[in-house]
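Each chain gets a letter, A, B and so on, in the order the sequences are listed, and its residues count up from 1.
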2 protein chains.
Amino acid sequence: MSKKINIKIIAAELGVSPSTVSKALKDSHEIGRETREKIQAFAKLYNYKPNSLALSLRNQKTMNIGVIIPQITHHFFTRVISGIESVANQKDYNLMICVSKDLHEKEVKNVEMLTNGSVDGLIVSIANETLEKGEFSHFQRLVDEDFPLVFFDRVAPNLKGDKVIVDDETGGYNAGKHLIEKGKNRLAIITTPEHVTVGVMRERGFKKALDEQNKYYNQNYVIRVEEKFDIEKQIDQLFQLKEIPDGIFAVNETYAAIAMKCTMKRGMQIPRDMAVIGFTDGVISKLTTPTMTTIAQHGYNMGNKTAELVLQRIDEKENEKLPYQTVVIQTNVVEREST
Amino acid sequence: MSKKINIKIIAAELGVSPSTVSKALKDSHEIGRETREKIQAFAKLYNYKPNSLALSLRNQKTMNIGVIIPQITHHFFTRVISGIESVANQKDYNLMICVSKDLHEKEVKNVEMLTNGSVDGLIVSIANETLEKGEFSHFQRLVDEDFPLVFFDRVAPNLKGDKVIVDDETGGYNAGKHLIEKGKNRLAIITTPEHVTVGVMRERGFKKALDEQNKYYNQNYVIRVEEKFDIEKQIDQLFQLKEIPDGIFAVNETYAAIAMKCTMKRGMQIPRDMAVIGFTDGVISKLTTPTMTTIAQHGYNMGNKTAELVLQRIDEKENEKLPYQTVVIQTNVVEREST
DNA sequence: TACAGCTACGAAACCGTTTTCGTGTTAAAA
DNA sequence: TTTTAACACGAAAACGGTTTCGTAGCTGTA
């Protein structure tokens, strides 16, 4: 790779000092007009652009925001990233995106790597393994030194810090209510293992809706999917029961789509014999047949809000610290053909 | 934000020089055992980690790879990113992912930002707008200065550089052949506008399959979707024809799923009245009812290969340059229920 | 003539790290 | 006792910028 042009080279080439070049390029009138124009012309000709590492080091400011997500192939996360991106870009920030693959060790490494000077602030959705272990010291350190840090979606309850979360409980509640309003009685839920907070909250809201209407919350109607095993088989258990449910709430889009497949495989009609509602912000729901009713998560808005919070922390002066915020993004029911 | 600990602080605190600290932390036996252990203990206690900006500047090596993609919410691209990530991480590289949103201007900015010191190499899938305009000077500059650069999927035909592409033509050919083998006669294609290379190549292969079997390539059976307008309406035109096709090849998953919806809306049976095959690496195909036959693109492999190429260029010595490579990733037909 | 003030530039420090090249002290060898 | 080598550490330069401060040279004024 041929060496990139820099200020020293320009200075040497034009017989002036580096400081003169630097000033001339910023149009400082400390530099005579003739010299200034000569330097600017030269720089333009050779397409000079200042080295961002040097700038960051000097200014103690990178104009980068780090983002750590558990999975990049999940549509929800990419929606959030889009939302973050849009706000960040408006303020000339760039994103460094890292993927923890839901592994604790990778997450720790990512955090260390990003916070050693590479970014001005960090946005994190916590890895499943970290949540399972309850091992948050890598985040605690950042909180302790007031490093700008915002969590979204998968957050740690006992950790201080700014958070942006979906109103999962109300979402679950509305899902339950919606199914009940559609005249369904035997309501099942397809959810995640218990260490995944979002699943727990959605389930809690769902149960609340059932309780309110004096519907029985049948434990046989609760499927906790372990992703390491065959998902379809686990969901299909609902259809092995003596009394098959007539309404299903799935805490994500994939589970909902699979539930719909299982239903149709049995020759049952959606929504007549079985109503299905998903919790998602994805692309699948509009493309299934029938289309899927969902609780919309508004990932893009979440990203917007998250980015705003982290930028706020970055700009914050040492002596005017705001208390930690938790922003709750509301969901809403998007009714389609599956209910 | 409280100031992060650095070598100077450690040095001052322990009454030694920065160079001594630096050497001690690398376990150099130039430093006496006692001093060494004292410094190491202190560093560990305060969780010292070297500043990566300073390291990068000093070493002229960032251990970052830049990735510019047109859209982050497209599953194919996130699959490729996963593939890149996995190879990069093995060699201790991190990713800086930027999104061009298919806009030329954003792409140019991203390229400039990343190549001004932030990354050691760059991976790009070119923005649609750039392909339309044919404006590649921002890449040409990089090629001229031998900056490690690898394109994938959306590449520029007249630009030198390493490329990783899908064998779109053969993919399209196999899609056509598959439909013919299923006994279909009136074959339609749903593709992209003509400036999108991948669409053109897939169409070319498809046409070749039809030609070989002396099937008529009916221009009414060619839909070029403009994404700024209602996609479903455009696709639905196929169903307004006097003679409705009995087989559809869609160059991506979304178009294929919409085609399936349109078919079922008409009360037609898949695959009996209409066979549909998509070109994709996505999640939708397994979740539609019926499931979708696809030409699998192997995005993850593509990412692997792309990362390998860029790492190879990064490691390359000045005097042992290899000629530019174009790696072609083969596709294969994944038969499901829609054909 | 003397001094002030302006113009136009350069020197040097700094951001955080690494590394080369001294150098003062001590111990071993001659 | 003198020379030499090893040891343990520090000074300084370098990576590529920015910025503060200093100053040479000129002009204008008293």
Side-chain angles (χ1 to χ4, degrees), chain A residues 1-40 42-43 46-64 112-120, chain B residues 1-40 42-43 46-64 112-120:
Chain A
M1 199 176 88
S2 68
K3 219 183 141 205
K4 262 220 144 186
I5 191 164
N6 63 31
I7 275 200
K8 283 189 189 174
I9 298 181
I10 299 182
E13 212 69 30
L14 297 181
V16 293
S17 80
S19 17
T20 304
V21 176
S22 175
K23 290 170 187 165
L25 292 176
K26 306 197 112 60
D27 241 340
S28 158
H29 51 218
E30 231 185 297
I31 304 303
R33 202 176 121 186
E34 214 180 323
T35 321
R36 221 186 316 156
E37 285 173 353
K38 184 179 62 179
I39 292 174
Q40 286 173 2
F42 190 93
Y46 287 96
N47 201 257
Y48 167 79
K49 291 274 157 28
N51 179 302
S52 18
L53 290 178
L55 276 185
S56 299
L57 188 58
R58 162 78 216 210
N59 301 335
Q60 297 292 84
K61 192 105 193 336
T62 65
M63 299 306 283
N64 286 149
E112 283 184 352
M113 184 262 150
L114 290 173
T115 55
N116 286 323
S118 302
V119 300
D120 297 333
Chain B
M1 197 177 91
S2 67
K3 220 184 141 204
K4 262 222 144 185
I5 191 163
N6 62 32
I7 276 200
K8 283 189 190 176
I9 298 181
I10 300 182
E13 211 70 30
L14 296 181
V16 293
S17 79
S19 14
T20 304
V21 176
S22 174
K23 289 169 189 166
L25 292 176
K26 306 199 111 59
D27 241 341
S28 157
H29 50 220
E30 230 185 299
I31 305 300
R33 203 177 119 183
E34 216 180 319
T35 320
R36 222 189 311 160
E37 284 172 355
K38 185 178 63 180
I39 292 175
Q40 285 173 4
F42 190 93
Y46 287 95
N47 201 255
Y48 167 79
K49 291 274 159 29
N51 179 301
S52 17
L53 289 178
L55 274 185
S56 299
L57 187 58
R58 163 77 217 208
N59 300 334
Q60 298 291 83
K61 191 107 193 333
T62 65
M63 298 307 283
N64 287 150
E112 283 183 353
M113 183 263 150
L114 290 173
T115 54
N116 287 322
S118 301
V119 300
D120 296 333

Has the side chain of [X] got a donor or acceptor that lies under 3.5 Å from a partner of the other kind on the base of [N]?
X	N	value
A:Arg58	D:dT18	yes
A:Gln60	C:dC15	no
B:Glu30	D:dC7	no

Exercise. At under 4.0 Å, does any side-chain N or O of A:Ser17 touch on OP1 or OP2 of C:dA11?
Worked result: no
For this session: Taking only the side-chain nitrogens and oxygens of A:Lys26, find out if one of them lies under 4.0 Å from OP1 or OP2 of D:dT18.
Result: yes
Problem set entry | Short side-chain donor-acceptor distance under 3.5 Å, A:Thr62 and A:Asp120 | yes
For this session: Nearest 0.5 Å please: distance from the CG atom of B:Asp27 over to the CD atom of B:Gln40.
Result: 4.5 Å
Seminar exercise, completed: With sequence neighbours left out, the residues meeting ring pair (Phe, Tyr, Trp, His ring centres under 6.0 Å) with B:Phe42 are B:Tyr46
Seminar exercise, completed: Separation of C:dG16 atom C1' from B:Lys3 atom NZ, nearest Å, is 10 Å
Exercise. Rounding to a whole Å, what distance do you find between B:Lys23:NZ and C:dC21:C1'?
Worked result: 9 Å
Exercise. Which comes earlier along DNA chain D counting from the 5' end, the contact point of B:Asn59 or that of B:Thr20, where each point is its nearest nucleotide?
Worked result: B:Thr20
For this session: Consider the side chain of B:Asn51, meaning its heavy atoms from C-beta on, and name the nucleotide among D:dG17, D:dC9, C:dT17 that approaches it most closely.
Result: C:dT17
